[in-house]
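A quick note: this is a predicted structure, and the numbers were derived from the prediction, not measured. Residues take their numbers from the sequence shown, with the count starting at 1.
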Amino acid sequence: MKKLSLFLIFTFSFSAFAKPLTQQQIQQELKVIQKYRSLHKHKTFSEKKAHPALLEQKIGDDRPAVSGLSHSEAKKRKLMVDNIQYNISLDIIKAQSRESFDGVVTITFDYTPFDKHWPLTIDFTGGSVDKIFINESRQKLAYNGFFISIPPSKLLTGKNILEIHYSQKYDVRNEEQEGLHKIVEKFEGNENTYLYTQFEVYAANKMFPCFDQPDLKAKYQIDVKAPKDWEVISSTKQTKIENLRKSNHWFFPLTNKQFSTYVFSLHAGPYKKWETTNYDGRVGLRLFARKSQAKTVATQAELWFKITKEGFRFYESYFGIPYPFEKYDQLIVNEFAAGAMENVGAVTFQEDSFVISANDSDSEVKWRYAAVVILHEMTHMWFGNLATMKWWGDLWLNESFATYFPLLAMKHGSSVFKDLNDAYFYLWEKDSAYDADDGSEEPVVNNIPSTQETGSNLFDAITYNKGGSVLKQLSYYVGAGNFQEGVKRYLNDYSYTNAVTENFNQSFAQGSGQYSITPWLVEWFAKPGHNTVEVFVDCYEGKLSKLLLTQTKGTGPVLRTHKTEIATFKKNATNQWSVLSPAKDIVYSGEETDVTAFNGTACPDFVYVNLNDNDFVKIKLDKNSARNLDLFKKAILDLDLDPVNSVIMNGTMSK
C-alpha cells in the first residue's frame, strides 16, 4: 500500500506540471524563482581578489608564492606537460574524529623542457608534504604551502613518474567549501559524517597535488579506505570492495577517458541510495542523500529518475554523441556553496533546494525549476566535461549552453513538462539577463587573468543568462536545424580536449553551413550590452505604409544583426482583439531597417516585435502600440498567447 500511494502522488504531479500557468501562478512562479535563483543557478563562490603578482605575471616570470593560478602560469605549464594520469590512494577511515586525511598520489606525465630556469609546479594548497619520489628516487623539493616546485634538472624528457605522500585538512562548515568537505550530522541519536568534493574552479589541489587547470586533462584512478557502513562515490563505479577488519577498501578503475581536474570528484559517507538505469538500460543511474533526508527523497526518486532518463534520451539524440562517461550518479548534499556541480559521473546538488516535499504548496514550481537544474548539469556532460573551455575566460562554452539546452530538452524531450514553451525561458533566464546587462560592461567572453578573479566576474547572469539568451537568438537566426548541426560539429571537433571561442566559431560555421556567421558571433559574445530598437509606424488611408525599426546601441558599443518575429493586431470598437497579420520573420541590422513585409495591410493597433521572445533586445513601442499596450496585455489569453507574454512585455517594452 505504501508504494502504491507514492505512485499516485507522482501520477498527479506529472499531470499538474503540464497545465498552462494562470496570471496568479505566474506571479507565484516569479516569487519562488527570485527566492531560489541564487541557490539553483549560478555557482556562488566567495569573493577573492588575486594577489597583484598573479595579475601581473607574464610567461617567463617566476610563479609567486600566493594562492591561485594565473593564466600566464597555466599557459607556460601547458607547454611542458601532457599525457597525464593520476593514481590516488586516500585514507578517510577516521574522518569523523580527525581534522585531516592522508593520501598518496602518483602522477605519470610526459615532460617537455621549455627553459632550464623554469621549474615545473604542482598545485597543492594548504596541505603538508611527507615525502616525494621522482622516477623512484626520493627527492627534497621546495613546497611553499601553495605549490611544489620541481627543477628541470630532476625531470626526464618524456615520461616521468612523480609520487607524493601528503596529508590535507578536510574543509568544514563556514570555511571555503572547496576541496574535500566534511559534515557531521546528528540524526536519530547517532553522529554521521558525510564527505563530498567541490573542485571548481581551482580546488582539486586542495584534495590531492595536481596540475589544476582545465586544459591539462587527465585520466584518474582512485582507491579509498573508509568506514564499513559508508558508500564511496567517484567518477567511475567501484570494481572491488575489500573487507578489512574495521573498514572497507574501495577500488575504482582508471577512467576510460580524460577530463579536467575540476570535474573529478570523491564523495563518501553513510548515504542512502536509489538505483535504476537510463532509458535504454545502458548507463547506471543512482541517487544519494543523507539519512536525515531519505524519507522525503524516497518520495522524489521516481520523478528525479524520470527527468534524468528523458534528459539522456533527448541529449544523446540531439548531440548525436552517446553519454561519454561510465555511469551517472546524483548526490543531494548539505552545506553546499553552489546550486549544483557537474562532476563527471557524480553530480552534486544543494540539499536546501532539491529536497522538495510533496506537501509543499510551491512544489510544482520548485520541481519545474529543479528540473531545469538537473538538465543544466546533464548538459555539462557534453558542454564542459566532454568539450571543455581552455581557460576560465571562455566559460560561456560550458555555462551558456547549459543554460539554453534545458529549455529544449523540456520542450521537446519531456513528458513531464510537455506543455512548456519559449515564454518560460524568459521567467527562468532572460529577465535577470537584462537586469545584469543594464549595468554591466562585461561581455559574455571574459578576460580572467587568474583563478582568484573568477567570482562575480564570471559565475554571473552575463555568462549564464545572457549567454543562454544569445544562443536562443543564434538558433533562431540560423535556423534550428543548422544550429543543431553547428553544435554537433563543435562537440565532435573538441571531444576530450579543450577549446576557445574562436574554435567554436569556426566549428559552428562549418557544421551549420553558415560560413559568414563569425562576425555575428563576435558582435554578440565578445561585445557587452544589449541594443534597443524603436518602432515607427505610418498609415495612409487605413493601410500600413511604413514600418521602420530604428536600432540604437543601448547599453553597449555596437549595433548588431538581429532576427525577430513580428505580428500585428487589431481591436474593434468593443476592444476585442484579433490577429491582423500573421507573424513574420524579420532580420534587421544597422541604424534603420525598413520592414516592407506588412505594407498594404490594415493599420495595426499593436505591433508585437519579438513575439516568442527569440531576440535579445529592448523595445520602444510606436505611439499607437504604446497607447494600446495595457489593453493588449489584458487580451493575451483571448489571442491564444501564453500569459507569460505580459511579463515579457513588462520587462522589455517601453512606451
Side-chain angles (χ1 to χ4, degrees), residues 421-427 429-440 465-466 469-470 472-474 476-477 523-524 527-539 544 546-556 558-571 577 579-598 603-636 639 641-655:
N421 59 41
D422 289 299
Y424 287 82
F425 189 72
Y426 182 89
L427 292 179
E429 312 295 352
K430 289 187 76 172
D431 66 327
S432 58
Y434 284 118
D435 288 344
D437 214 28
D438 276 337
S440 174
N465 305 55
K466 182 183 177 181
S469 300
V470 173
K472 188 171 188 277
Q473 164 69 172
L474 175 60
Y476 185 61
Y477 181 71
E523 287 177 0
W524 281 92
K527 303 295 182 181
H530 55 263
N531 301 125
T532 298
V533 63
E534 186 169 0
V535 186
F536 295 92
V537 173
D538 281 335
C539 294
L544 192 150
K546 192 174 190 65
L547 198 167
L548 185 70
L549 302 181
T550 300
Q551 184 182 188
T552 63
K553 293 179 180 178
T555 62
V558 295
L559 299 176
R560 297 178 174 88
T561 299
H562 303 245
K563 186 176 181 181
T564 193
E565 195 173 3
I566 300 179
T568 58
F569 299 85
K570 192 76 174 173
K571 63 180 176 68
W577 287 83
V579 178
L580 180 57
S581 181
K584 301 181 188 301
D585 293 340
I586 303 296
V587 175
Y588 66 96
S589 60
E591 292 184 357
E592 290 188 354
T593 301
D594 189 4
V595 180
T596 60
F598 297 91
C603 191
D605 291 313
F606 193 86
V607 178
Y608 197 153
V609 178
N610 201 18
L611 182 69
N612 292 317
D613 198 38
N614 288 297
D615 198 356
F616 187 71
V617 68
K618 291 289 187 76
I619 300 158
K620 186 174 182 181
L621 296 170
D622 64 280
K623 292 180 180 179
N624 200 28
S625 296
R627 281 194 297 267
N628 289 308
L629 176 60
D630 293 336
L631 288 173
F632 183 81
K633 285 194 291 188
K634 291 178 181 178
I636 280 174
L639 290 165
L641 297 176
D642 192 280
V644 178
N645 276 278
S646 64
V647 181
I648 296 172
M649 290 178 178
N650 289 338
T652 63
M653 294 183 178
S654 61
K655 297 182 180 182

Report task. Please examine the side chains of W577 and D605, heavy atoms only from C-beta on, and report whether any two atoms are closer than 4.5 Å. Result -> yes
**Report entry** Verdict with reasoning, E523 to T561, per side chain to side chain contact (heavy atoms under 4.5 Å, CB included)
**Finding:** CA-CA 8 Å; E523 287 177 0; T561 299; 4.2 Å; yes
Requested in this report: Please list, chain by chain and in numerical order, all residues satisfying side-chain contact (heavy atoms from CB on, under 4.5 Å) with A433, sequence neighbours excluded.
Outcome: N465, K466, S469, F616
Report summary line: Residue set satisfying side chain to side chain donor-acceptor pair (under 3.5 Å) with E565, at least two apart, ordered chain then number -> N612
Under 3.5 Å, sequence neighbours excluded: what are the donor-acceptor pairs made by side chains of residues 581-589?
from, atom 1, to, atom 2, distance (Å)
D585, OD1, Y476, OH, 2.4
Y588, OH, H562, ND1, 3.3
Y588, OH, D615, OD2, 2.6

**Report entry** Atom pair NZ (K620) and OG1 (T652), whose distance is rounded to the nearest 0.5 Å
**Finding:** 15.0 Å
Query raised in the report: How close do N624 and P604 get, heavy atom to heavy atom, and via which atoms?
Result: ND2-O, 2.9 Å
**Report entry** Over all atoms of both residues, closest heavy-atom pair of Q551 and N531
**Finding:** OE1-OD1, 2.9 Å
Query - Those residues that, when tested against K655, pass side chain to side chain donor-acceptor pair (under 3.5 Å) (two or more places apart) - result: D630
Query raised in the report: Can you name the residues that form a side chain to side chain donor-acceptor pair (under 3.5 Å) with D538, not counting sequence neighbours?
Result: none
Query raised in the report: What is the distance from atom CG of L631 to atom CZ of F606, rounded to the nearest 0.5 Å?
Result: 10.5 Å
Query raised in the report: In terms of heavy-atom contacts, does NZ of K570 have more than 12 from other residues, nucleotides or ligands at under 6.0 Å?
Result: yes
Requested in this report: Would you mind reporting whether I566 and L549 have side-chain heavy atoms less than 4.5 Å apart?
Outcome: yes
Query raised in the report: Among all residues two or more places apart in sequence or in another chain, which pass the side chain to side chain donor-acceptor pair (under 3.5 Å) test with K633?
Result: N650
Query raised in the report: Is the shortest heavy-atom distance from the side chain of I648 to the side chain of K430 under 4.5 Å?
Result: no
Requested in this report: State, to 0.1 Å, how close L621 and M653 come at their nearest heavy-atom pair, and which atoms those are.
Outcome: CD2-SD, 3.9 Å
Query raised in the report: Does T564 use its side chain to pair, donor to acceptor, with the backbone of N610 at less than 3.5 Å?
Result: yes
Requested in this report: Nearest 0.5 Å please: distance from the CG atom of D613 over to the OH atom of Y424.
Outcome: 14.0 Å
Report summary line: NZ of K546 to OG1 of T596, rounded to nearest 0.5 Å, is 9.5 Å
Query raised in the report: Rounded to the nearest 0.5 Å, how far apart are SG of C603 and CZ of F598?
Result: 13.0 Å
Query raised in the report: Which heavy atom of H530 sits nearest a heavy atom of Y434, and at what distance?
Result: CE1-O, 4.0 Å
Requested in this report: State whether the side chain of E592 and the backbone N or O of L548 hold a donor-acceptor pair below 3.5 Å, judged by distance alone.
Outcome: no
Report summary line: Heavy-atom nearest pair, M649 first then L629, reads SD-CD1, 3.9 Å
Query raised in the report: Any sub-3.5 Å donor-acceptor pair from D622's side-chain atoms to S625's backbone N or O?
Result: yes
Query raised in the report: Which of parallel (below 30°), tilted (30 to 60°) and perpendicular (above 60°) describes F569 and Y608?
Result: tilted
Report summary line: CG of D642 to CG of N645, rounded to nearest 0.5 Å, is 6.0 Å
**Report entry** Nearest atoms (heavy-atom pairs only) where V644 meets L427
**Finding:** CG1-CG, 3.7 Å
